[in-house]
Structure formats: structure tokens, C-alpha cells
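The structure under discussion appears below in the form of C-alpha cells.
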Amino acid sequence: MTRGFVALLAAALAVYLPMVLWSLPFLSRLSGGEVMFDLRPTGYGYDDAEQIIAALGDVGRQYYLEVQHRYDSLYPALLAGVLLLAYRGLFSGRVLWVGSAAALAGMVADYLENAAVAVMLRAGPAGLTSEMVAAANIRTLVKSGFGAASMTLLMIGVLAWGWRRWRRPV
């Protein structure tokens with residue numbers, strides 16, 4: 001592992017851990033146990049979105065926009081950077097290009113999801129429309145799909161690397 005990879009991984013974890021251990025759980029508690037949009041890989045419908053937004057209240061919606069989205073403005077790029085460097089060390093050729101494309105597409109989808117969720121949060125329960133929810137939901141699904149593909153490829157690469165090291169004669 002290079003120092004650059006370790007530094008990027010540390011930066012990604014420095015953003016990820018407070019987000020999943022503090023910010024998102026705080027929003028969930030504030031909303032009576034609702035699972036936030038970012039953590040719904042299978043998506044959500046209008047009723048789900050309306051329930052979350054209403055349960056968050058003004059304070060929760062503002063917190064989501066100002067705190068959670070601040071973390072989530074850094075994390076997608078950091079994650080993509082970690083994946084790109086990991087793939088570069090694990091793969092070559094077509095697999096490297098496909099994995100890199102998936103990681104970058106996941107990053108873009110995550111930023112688009114954040115923007116769509118922000119629109120819903122700003123609209124509040126009274127201004128929420130089914131079009132807003134559909135736009136955010138599709139971005140969540142796309143982000144989740146590319147994220148799952150990227151992480152699966154990473155696991156395959158790490159397992160293959162480990163297998164080669166284990167099988168290598170001493």
C-alpha cells in the first residue's frame with residue numbers, strides 16, 4: 001500500500017465514521033427511528049419520503065442539509081479515490097477500466113442523490129411532490145447499484161490477491 005492510498009483511506013474513514021456513527025443515527029433518533037434516504041439501497045416511495053420528511057421536522061431537515069450533507073459532500077469523492085487507487089493496485093486492463101467507471105459513476109450518482117434529497121428536504125412535507133421523490137429515488141437506486149458493483153469488485157480483487165499470495169511458494 002502506498003502512503004497516498006493510506007492517507008486517502010484515512011480521510012475517507014474520518015468522514016464516513018462520524019456520518020454513520022453520529023449524524024445518520026442522530027437523524028434516525030430525531031425522526032422516531034426512520035431510516036434516512038442515504039441508507040435505503042432498495043429505494044423508497046412517496047409515502048416513505050413524506051413520513052421521513054414530516055418526522056424530521058424543521059430542525060431535522062435543517063440538520064440533514066447542514067450537517068449530514070456536509071459530510072456527504074466529501075465522502076463520495078473520497079470513496080471513489082480509494083476505490084480507484086485500490087483497483088489500480090489489484091487490476092489491469094479492462095477490469096481496471098470497468099471498475100474505475102463503476103466507482104466514478106457511483107460517485108456522480110451519490111452527488112445527484114444528495115441534490116435530489118436536498119430538494120425534498122427544502123420542500124418540506126407541504127411542498128413534497130411525487131416527481132421529487134421519483135427523481136431522488138432513482139438516484140438512490142443507481143448509487144446503490146454502482147456502489148454494490150464497486151464493492152463486489154473490490155472484494156473479488158482482494159480475495160484474488162490474497163489467494164495469489166497464499167499460493168505463492170516461499
* Could you go through the side-chain contact (heavy atoms from CB on, under 4.5 Å) check for Met120 and Glu50 one step at a time? => CA-CA 9 Å; Met120 293 192 304; Glu50 183 180 46; over 6 Å; no

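Rounding to the nearest 0.5 Å gives a distance of 10.5 Å between CG of Leu9 and OG1 of Thr2. The OG1 atom of Thr140 sits 6.0 Å away from atom CG of Asn137, with the distance rounded to the nearest 0.5 Å. Between atom OH of residue Tyr44 and atom CG of residue Leu39 there is a gap of 11.0 Å, rounded to the nearest 0.5 Å. Remark: Leu30 CG to Tyr63 OH distance equals 9.5 Å, nearest 0.5 Å.
Applying the side-chain hydrogen bond (donor to acceptor under 3.5 Å, both in side chains) test to every pair with at least one member in residues 6-29, sequence neighbours left out, gives these pairs: Ser23-Gln68. Applying the salt bridge (charged side-chain N to carboxylate O under 4.0 Å, His left out) test to every pair with at least one member in residues 136-157, sequence neighbours left out, gives these pairs: Glu113-Lys143.
Residues Trp161 and Ile156 are members of separate hydrophobic clusters, defined by side-chain heavy-atom contacts under 4.5 angstrom among Ile, Leu, Val, Met, Phe, Trp and Tyr. Val108 and Leu104 fall within the same hydrophobic cluster, where Ile, Leu, Val, Met, Phe, Trp and Tyr residues are linked whenever their side-chain heavy atoms come under 4.5 Å apart, directly or through other members. Hydrophobic cluster membership differs between Met151 and Trp97, with clusters built from Ile, Leu, Val, Met, Phe, Trp and Tyr side chains linked at under 4.5 angstrom. With hydrophobic clusters built from ILVMFWY side chains whose heavy atoms lie under 4.5 angstrom apart, Val117 shares a cluster with Phe26. Both Val119 and Val67 sit in one connected hydrophobic cluster of ILVMFWY residues. Membership requires side-chain heavy atoms under 4.5 Å apart, directly or through other members.
Met36 is listed as a side-chain neighbour of Leu56, based on a closest heavy-atom distance under 4.5 Å. Side-chain contact between Gln51 and Asp48 is absent, with no heavy-atom pair separated by less than 4.5 Å. Contact check for Met132 versus Arg122: no side-chain heavy atoms found under the 4.5 Å cut-off. Side-chain contact check for Ser100 versus Leu96: some heavy-atom pair is nearer than 4.5 Å. Side-chain contact between Met19 and Asp38 is absent, with no heavy-atom pair separated by less than 4.5 Å. Residues Tyr46 and Leu128 have side chains in contact (heavy-atom distance under 4.5 Å, counting atoms from C-beta outward).
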Could you tabulate the donor-acceptor pairs under 3.5 Å formed by side-chain atoms of residues 71-92, not counting sequence neighbours?
| unit_1 | atom_1 | unit_2 | atom_2 | d |
| --- | --- | --- | --- | --- |
| Asp72 | OD2 | Asn114 | ND2 | 3.4 |
| Ser73 | OG | Arg70 | O | 2.6 |
| Tyr87 | OH | Ser150 | O | 2.6 |

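Nearest approach of Gly60 to Leu27, heavy atoms of both residues: O-CD2, 3.5 Å. Of all heavy-atom pairs between Ser31 and Ala55, the closest is O-CB, 3.4 Å.
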